[in-house]
14 protein chains.
Amino acid sequence: MNIDAQTFLHGMLAIGGGLAAIGCLGGGVGIGTVSGKAVEAIARQPEARGNIMSTMILGIAFAEVTSLYALIIAIMLIFVKWQ
Amino acid sequence: MNIDAQTFLHGMLAIGGGLAAIGCLGGGVGIGTVSGKAVEAIARQPEARGNIMSTMILGIAFAEVTSLYALIIAIMLIFVKWQ
Amino acid sequence: MNIDAQTFLHGMLAIGGGLAAIGCLGGGVGIGTVSGKAVEAIARQPEARGNIMSTMILGIAFAEVTSLYALIIAIMLIFVKWQ
Amino acid sequence: MNIDAQTFLHGMLAIGGGLAAIGCLGGGVGIGTVSGKAVEAIARQPEARGNIMSTMILGIAFAEVTSLYALIIAIMLIFVKWQ
Amino acid sequence: MNIDAQTFLHGMLAIGGGLAAIGCLGGGVGIGTVSGKAVEAIARQPEARGNIMSTMILGIAFAEVTSLYALIIAIMLIFVKWQ
Amino acid sequence: MNIDAQTFLHGMLAIGGGLAAIGCLGGGVGIGTVSGKAVEAIARQPEARGNIMSTMILGIAFAEVTSLYALIIAIMLIFVKWQ
Amino acid sequence: MNIDAQTFLHGMLAIGGGLAAIGCLGGGVGIGTVSGKAVEAIARQPEARGNIMSTMILGIAFAEVTSLYALIIAIMLIFVKWQ
Amino acid sequence: MNIDAQTFLHGMLAIGGGLAAIGCLGGGVGIGTVSGKAVEAIARQPEARGNIMSTMILGIAFAEVTSLYALIIAIMLIFVKWQ
Amino acid sequence: MNIDAQTFLHGMLAIGGGLAAIGCLGGGVGIGTVSGKAVEAIARQPEARGNIMSTMILGIAFAEVTSLYALIIAIMLIFVKWQ
Amino acid sequence: MNIDAQTFLHGMLAIGGGLAAIGCLGGGVGIGTVSGKAVEAIARQPEARGNIMSTMILGIAFAEVTSLYALIIAIMLIFVKWQ
Amino acid sequence: MNIDAQTFLHGMLAIGGGLAAIGCLGGGVGIGTVSGKAVEAIARQPEARGNIMSTMILGIAFAEVTSLYALIIAIMLIFVKWQ
Amino acid sequence: MNIDAQTFLHGMLAIGGGLAAIGCLGGGVGIGTVSGKAVEAIARQPEARGNIMSTMILGIAFAEVTSLYALIIAIMLIFVKWQ
Amino acid sequence: MNIDAQTFLHGMLAIGGGLAAIGCLGGGVGIGTVSGKAVEAIARQPEARGNIMSTMILGIAFAEVTSLYALIIAIMLIFVKWQ
Amino acid sequence: MNIDAQTFLHGMLAIGGGLAAIGCLGGGVGIGTVSGKAVEAIARQPEARGNIMSTMILGIAFAEVTSLYALIIAIMLIFVKWQ
């Protein structure tokens, strides 16, 4: 098992990136909660559609960002640190 | 167990990709919540079908993206870094 | 335990594929939520069956895709990278 | 512990197949949700039985598929790659 | 610990089969949900017993299948691959 | 630690059988749900006792089977493969 | 650490038996659900006590059996295979 | 670390007994559910106290038994097999 | 790391006793459920205080016993077997 | 790593005591449930304060005891067996 | 890795103390339940504030104690046994 | 496996960064709760949109920060300490 | 890997401190429950604001303390014992 | 693998910091609960906005602090102890 130093590092970076992907779960569940309530609200008050839509998109955007954080960490591990 | 450096790296990349696939769970649960509420809403207000549909698809799309992030991380590990 | 490099890689790919299969859970739970609500809705408004059906199938399709992602990752590990 | 390369691979494939079987859980829970709601709906609107039945079977089929994915991954590991 | 290759394989197959048995959980929980709702429904509409019964059995059958998948994987590991 | 091949196999079979026993959980929870609802239903409609009883036993039987699967896997590991 | 083959086997059997005991959980939770509902039902319809009692005992018996399975697996490991 | 065979066996038996104790959880939760409902029922129908009490004790006894199973497995491991 | 046989055994007994202590959780949660309902019931029917109290203590006692089992296992491991 | 036998034992006792501390969780959750319901009840029936208070303290005491068991196990490991 | 006996013991004590800190979770959740209900009750019956307050503090104190147990175990490990 | 000191450190930093990404989950779930309630509230009181919006953004911002903490820890590990 | 005794101890202290930080979870969830109920109560009874506020702060303070315990354990490990 | 003492310490500190980041979860979930209830309350009583706002911020601040504790532990590990 004559592994050089760089390969060992790359292997650890791959495992770290895989672990980071588990952090994407939270955003998916959160977006589901927001959108589900928005769909209910629009069906009940179609005239408030503009306000509901913009509030929903704001909430989705911020929840998405928490998933994005996990992606960013994974990308930093896999691309930036992979020389 | 005379394994060369490249094979060790590939093995670690395979494990990392498998771990990343677990991050797909969140999107599936979230999409289920959104669509279930949309189906309920359409049955109750069939006339608001257009608005509900477009709101639902927006929510689904963003939830799908969190699953996609996990897929992207897996693909980056398995294809981009696999020389 | 004189294992050559290729066999080690194949073993790691098998473990990675097995881990990836756990990511299929989310879609199954999500589809159950959507379809259960659709069945309820159709029983209550049989006249809105067409709309409910198409909304449900849309939701199912996207939830299915998150399970498919896990399958794709497993297949990429087991077939594409298995030389 | 003089194990040849092929036997090591087979052992890893067996572990991978066992892990893949855990992915069958989601479909069972999802089908339970769909069918339970369908049974309730039929008892309340026996005249809508045809529509409910076909919607239920559609939902069951797609949820079943997510369990099938896990089975497919296991079979690919155990039969296709087992030379 | 002079273990020959075949014995190592058999040991791994035994562990894999034990892990696969955990995948039987989902079906048991799902069948409980279906049957519980069917019992409730029959008590409330005894005249719809035939329809409820056949819907329930359909749901149970498909949920049972997801448990069966786990059993099949275990049997494939323990009998088919055990030479 | 001069362990012969057969003893190693038996040890692995014992661990596998113990893991398989965890798969008995699902049936116990499912049977509890069915019977609890059946008891409620009988108390409310004592005249429908025959129908409720037969539906409950059907549900219990199928849920029991998922626990039985885990037992079967354990027995196959402990008795059939234990030479 | 000069351990003979038989002692290694016995040690593995002990671990396997301990894991099997975790499978007793499901029955305890299930019996709690059944009996709790039975107690409620008897308090509300004391005249249906006979029917409720016999239904409850049926449900308890089958849930108990899933815990018994785990006990059986443990006993098989600890007594039958312990030579 | 010159450990003789008997000591290794005793060590494994101790670990197995500790794992078995985790199986006592289910009974405690189940008994809590039964007794809680019984207390509620007695407060509402004090005249049905005899029936409720006997039903409760029946349920508690069977739930207790699932915890007892885990204790039995632990005792078998720690006393019967400890020579 | 010249550890004699007795010390190894004692170390394993200490780990086993620590694992057994986790089994005390169930009783604490169950007692909380019983007592909470008893407090509610006494506040609503102060005249039934005697009956409620005795029922509660019965339920608490049996739930306590499941925690006691875990303590007994731990004591057996730490005192009885510690020579 | 020339560790004498006593130090190894002490190290294992420290790990076992740490694991035992996790068993304190159940009592905390259970006491929260009891006291919360007692506070609600006192606010609604201030005249029954004496009875509620004594019932609550009884429930708290027994739930506390399950946490105490875990503490006792830890103390036995850390003080009694630490020579 | 020439580690003397004392350092090994200290390292194990540090890990044990870290594990013990996880046992602080239960008290935090339990106190949240008690105080939340007390706040609700005071808002509804401001005149019963004295009684509610003293009941709440009693409940909080006992729940706090379960967290304190974990802290005590950690302190015993880190200070008392650290020579 | 001739790995120099720096590479070992980098590998550990990669694993630590991956673990830190799991801490992003909480923010995503929390933001979903806030936004979902805000969408509901705006649909019911469109005239209070300004107040609701600013309260929501305040809540989102603080929940986002907890996810940001995890990102900061990951960045500190991957960039600041990576010489 | 020529590590001296002090460095090994420091490494173990770092891992123990990281584990202790997980114990901060409970307080965060508990404070969320208390404050949420307090906000609801103040909106409904603005005149009882003083009482609600002081009760809430009392509850928050005690829940905070359980998180503080985990911090204290971590600090004791990282600063007091780090010579 | 000729790693000097300092590098080993740094690697352990990195792992400890990553574990500490998991403790940020609780605050995110708690803040979500508080803010969601505050948004609901403001929509229903816009005139009590000042009081609700200040109560909410108090709750958020304390919940944030539990996440901050985890961050502080991570920073202490990564910066203060990293010489």
Side-chain angles (χ1 to χ4, degrees), chain A residues 1-6 8-38 40-42 44-45 47-49 51-52 54-56 58-60 62-74 76-77 80-81, chain L residues 1-46 49 52-53 56-57 59-61 63-64 66-75 77-79 82:
Chain A
M1 212 166 166
N2 53 345
I3 299 164
D4 61 306
Q6 197 189 21
F8 174 79
L9 174 56
H10 286 188
M12 287 304 110
L13 284 167
I15 300 281
L19 279 170
I22 297 175
C24 295
L25 276 173
V29 175
I31 291 172
T33 316
V34 183
S35 316
K37 298 235 169 182
E40 254 183 348
I42 281 180
R44 228 180 294 129
Q45 280 90 0
E47 70 282 1
R49 193 177 156 253
N51 285 349
I52 292 172
S54 62
T55 314
M56 182 187 84
L58 203 85
I60 284 180
F62 279 101
E64 191 79 44
V65 163
T66 63
S67 288
L68 210 66
Y69 285 172
L71 181 63
I72 289 169
I73 295 173
M76 288 189 313
L77 286 173
V80 181
K81 285 307 173 192
Chain L
M1 212 166 166
N2 53 345
I3 298 164
D4 62 306
Q6 197 189 21
T7 311
F8 174 79
L9 174 56
H10 286 188
M12 287 303 111
L13 284 167
I15 300 281
L19 278 171
I22 297 175
C24 295
L25 276 173
V29 175
I31 291 173
T33 316
V34 183
S35 317
K37 298 235 168 180
V39 163
E40 253 183 348
I42 282 180
R44 228 180 292 130
Q45 279 91 0
R49 192 177 156 254
I52 293 172
M53 212 75 178
M56 182 187 83
I57 288 178
I60 284 179
E64 191 80 45
T66 63
S67 288
L68 210 67
Y69 285 172
L71 181 63
I72 289 169
I73 295 174
I75 286 177
L77 286 173
I78 303 177
F79 283 107
W82 193 290

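- Top candidate by heavy-atom pairs under 4.5 Å with chain A, chosen from L:I75, L:V29, L:L25, is L:L25.
- The part of L:I60 that comes within reach of chain A is its side chain, from C-beta onward, which places non-hydrogen atoms under 4.5 angstrom from that chain.
- Atom CG of L:L19 is separated from atom CD1 of A:I73 by 10.5 Å, given to the nearest 0.5 angstrom.
- Atoms NE2 and CE, on L:H10 and A:M12 in that order, are 14.0 Å from each other to the nearest 0.5 Å.
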Would you sort out whether L:M56 and A:L58 count as a side chain to side chain contact (heavy atoms under 4.5 Å, CB included), showing the intermediate values? CA-CA 10 Å; L:M56 182 187 83; A:L58 203 85; 3.1 Å; yes

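- Each of L:P46, L:G36, L:G16, L:G30 has some count of heavy-atom pairs under 4.5 Å with chain A, and the biggest count is that of L:G36.
- Screening residues 12-21 of chain A for salt bridge (Lys or Arg N to Asp or Glu O under 4.0 Å), with sequence neighbours left out, gives no hits.
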Take L:V34 and A:F62, measure what side chain to side chain contact (heavy atoms under 4.5 Å, CB included) needs, and give me the verdict at the end. CA-CA 11 Å; L:V34 183; A:F62 279 101; over 6 Å; no

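- Options A:I42, A:I72, A:L77 differ in how many heavy-atom pairs under 4.5 Å they form with chain L, and the most are formed by A:L77.
- Comparing L:I57, L:L68, L:I22 by how many heavy-atom pairs each has under 4.5 Å with chain A, the most go to L:L68.
- Considering only heavy atoms from C-beta on, A:T33 stays 4.5 Å or farther from L:T33 through its side chain.
- Nearest approach of A:G59 to L:S35, heavy atoms of both residues: CA-OG, 3.3 Å.
- Closest of all the heavy-atom pairs between L:S67 and A:T66 is OG-CG2, 3.3 Å.
- Sorted by first and then second residue, the salt bridge (Lys or Arg N to Asp or Glu O under 4.0 Å) pairs with a member in residues 62-73 of chain A form an empty list; sequence neighbours excluded.
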